Amino acid sequence: MKASETHLQEILEGTKQYLIPMFQRTYSWTEKQWKQLWEDINDLIEDNQSLSHFIGSIVSIPNNTNTHGVQQFLVIDGQQRLTTLLTLLVATRDIAEKLGEQNLADEIHHMLLVNSFKSGEEKYKFLPTQVDKENMKKLINKEPSLDNEDSLIFKSYEFFSEKIQEESLSLSTLKSTITVNLSIVSIVLSTDDNPYLVFESLNAKGQPLTQSDLIRNYLFMRIPADDQEDDYLRYWLPMQEELGAYLTEFIRHFLLGENINVKKNDVYFKFKTKVDRKDAKDFLKVLASYAGYYAKLLNPALEDNKDIRILLKRINEFEAKTAYPFFLYVYGDYKKGKYNKKQFCRMIEIVENYLVRRFVCNIDSKSLNKIFASAYNQICAYEAEESISELISYLQNRGYPKNPEIINSLHQNQLYGQGDRRKKGSFILKLIENSYRHKEQADLSKTTIEHIMPQTLTEKWEEDLGENAEYIHSTYLHTLGNLTLSAYNSELSNESFLIKRKYYKQSNIHLNKYISSFEIWNQENINKRSEKLIEQFIKIWPYFGKIENEVMKITGSSPRLLTIHKKTYNVNTWRDVMEKTVISIYEDNLEKYQQVLSENPVFVSIDGRGMREPKQIINQHYIETNLNSKSIYNFCIKLFENQGYNKEDWQIELIFK
């Protein structure tokens, strides 16, 4: 590596050519950067060119493919400022010619823009990448129009042309300032240098390159120069155009699907650890094929098969991106023929079922990334039908709620609120509505969630709800039983139930027809409607678990839900499980609780004496907490049975780490 402080004239003079590789991103500087450069140049001119101003570095590597006299360099870094300086020089040349300063115009053209005695593309001292190349050639050749007037290259030229003419600068002074007084550090790599490591050190942190930009450059620096343009056009460019801003996230999900833990800002570094072990060109081909599947996850309309398209649209509407790493690889297996259409659809349905049921039960979604990152590895070794069974078994033991919890949650939990709750609540209501399969389906595209009992209580509503109006309102407002769909949300707003009922009766939406059968809207009728909708919910998303799949592996698990005598409790730790179990006996039968105290003084006591780590519980007594998960589980089971309860009335659901 050779680094030296220099200026633009020294970089461009001689028979040289600077090329931006095809895989580099297009020109992206805008008026903000152009304005700053122009102000820096003006400051230098005002100082009578007595100073220099550092504008950054240009990193290049000699390109040895040319043997015809033009010394070529591939620009690894600095292409944005180099492109801008060239458009500024072209603008200066053209205005000099316009003002009759032909000698200056010729000097700029022949010394700084072209290699005068070369032809073809060797003629140009600088060629940017992709579509920018043709626009730059047209500018240099003084061609009257560009193929794309939205080009930032063209806009940069226009910006500087206007500034030069507005300020009536000495053109020779301007040319000298640009070429001599703007200081540049030129870093020329040798054949022994590793270009992608240099690029990484310059750009991986604090620079406006995306993770996918870094990945693209890393890949193509490992592909032979003769293959770069063809591979870029065949594989990378279509992928980039299809996914756009989602390209980095696609690569992240691609890595996650192989159970590689990848944070959003670490995609590039994790990617390198994988590609280092594989041929870059082969890996690019694989990546390009999976990009097509990812595009269909983002836009299901791209999927040709109607049945798959409908299911993907549902997954997309539910915003289930945490499952994309899993879907990506299963999609690939489907396209390779491992799964038929019916089997692939079944797997999509299983994942949707799992996610929707967890959502209505308010089960923490933080673990989903890890669950779906590991899911494909759990099933990929099995044949198609066995894979489906393994997927069911895997998900069933990772926070998948049973019907009693679903019923309880849909009666109590809010399906309307901040974040994604409103959108997902609407999704659930629309699926319930469509499940009635009327011959004339209502158009739900313009509907939003309508609160039957409104969000703001009027005097009339308080009167209708009775003396417990505030309790009923705070408890049931956002629950399933009080929500419906309507395209007239703003019109209905806080109207009384009698007025709303007339609308519901005339509505084409089945959900509303049923509401109109009630004379009043109160707690009792909200619960009646809840029961109807919950019944339909369970038909759409039935419990897919199997008893034989249930794994009671206590070690390495966390408790999620405790059920005692059909009453459910959300629990986060094994200490919670122990406390809830002890208190359930205390509240159910004091005589039995006294027996617990006398028979288990090491585990439960009035004062906590003799315990290693006592914890006071809500009845002011103490339980021992210095116990492992297996000991607590065994104690609770034994405690329940010894007091004469049916052990089937004590159930614990676990999440495996």
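The structure presented is a predicted model; accordingly, all values stated were derived computationally and were not measured. FYI, the numbering just counts along the sequence from 1.
Taking the six-membered ring wherever Trp is involved, the centroid distance between the rings of Tyr290 and Tyr293 falls below 6.0 Å. For Phe220 and Tyr235, the ring centers sit 6.0 Å or farther from each other. Between Phe344 and Tyr331, the ring centre distance stays below 6.0 Å. Aromatic pair Tyr329/Phe254: ring centres closer than 6.0 Å.
Applying the 6.0 Å contact sphere to CD of Glu229 captures no more than 12 heavy atoms from other residues, nucleotides or ligands. Applying the 6.0 Å contact sphere to OH of Tyr246 captures no more than 12 heavy atoms from other residues, nucleotides or ligands. Residue-environment remark: NZ (Lys580) stays at or below the threshold of 12 foreign heavy atoms within 6.0 Å.
The aromatic rings of His510 and Tyr436 sit tilted relative to each other, their planes meeting at an angle between 30° and 60°. Ring-plane geometry between Trp541 and Phe537 is classed as tilted, the angle between the planes lying from 30 to 60 degrees on a 0 to 90 degree scale. Using the six-membered ring where Trp is involved, Tyr633 and Trp574 have ring planes that are perpendicular, over 60° apart on the 30 and 60° scheme. Ring geometry for Phe640 against His565 counts as tilted: the plane angle lies between 30° and 60°, on a 0 to 90° scale.
Remark: Glu303 CD to Ile310 CD1 distance equals 11.0 Å, nearest 0.5 Å. Atoms CD and CZ, on Gln414 and Arg421 in that order, are 7.5 Å from each other to the nearest 0.5 Å. Rounded to the nearest 0.5 Å, atoms CZ (Arg357) and CG (Leu410) are 9.0 Å apart.
Annotation for Pro401 and Ile406: closest pair CG-CD1, 4.0 Å, computed over non-hydrogen atoms.
There is no side-chain donor-acceptor pair under 3.5 Å between Thr563 and Trp650. Between the side chains of Thr479 and Asn482, not a single donor N or O lies within less than 3.5 Å of an accepting N or O.
Using a 4.0 Å cut-off between a side-chain N of Lys or Arg and a carboxylate O of Asp or Glu, Asp266 and Lys270 do not qualify as a salt bridge.
Residues Gln455 and His478 are in side-chain contact: their nearest non-hydrogen atoms beyond the backbone lie under 4.5 Å apart. Side-chain contact check for Leu480 versus Leu429: some heavy-atom pair is nearer than 4.5 Å.
Under a cutoff of 6.0 Å and an axis angle of 45°, Lys513 and Tyr504 do not form a cation-pi pair.
Checked options Lys342, Arg346, Lys341; the residue passing with Asp307 is Lys341 (criterion: salt bridge (charged side-chain N to carboxylate O under 4.0 Å, His left out)).
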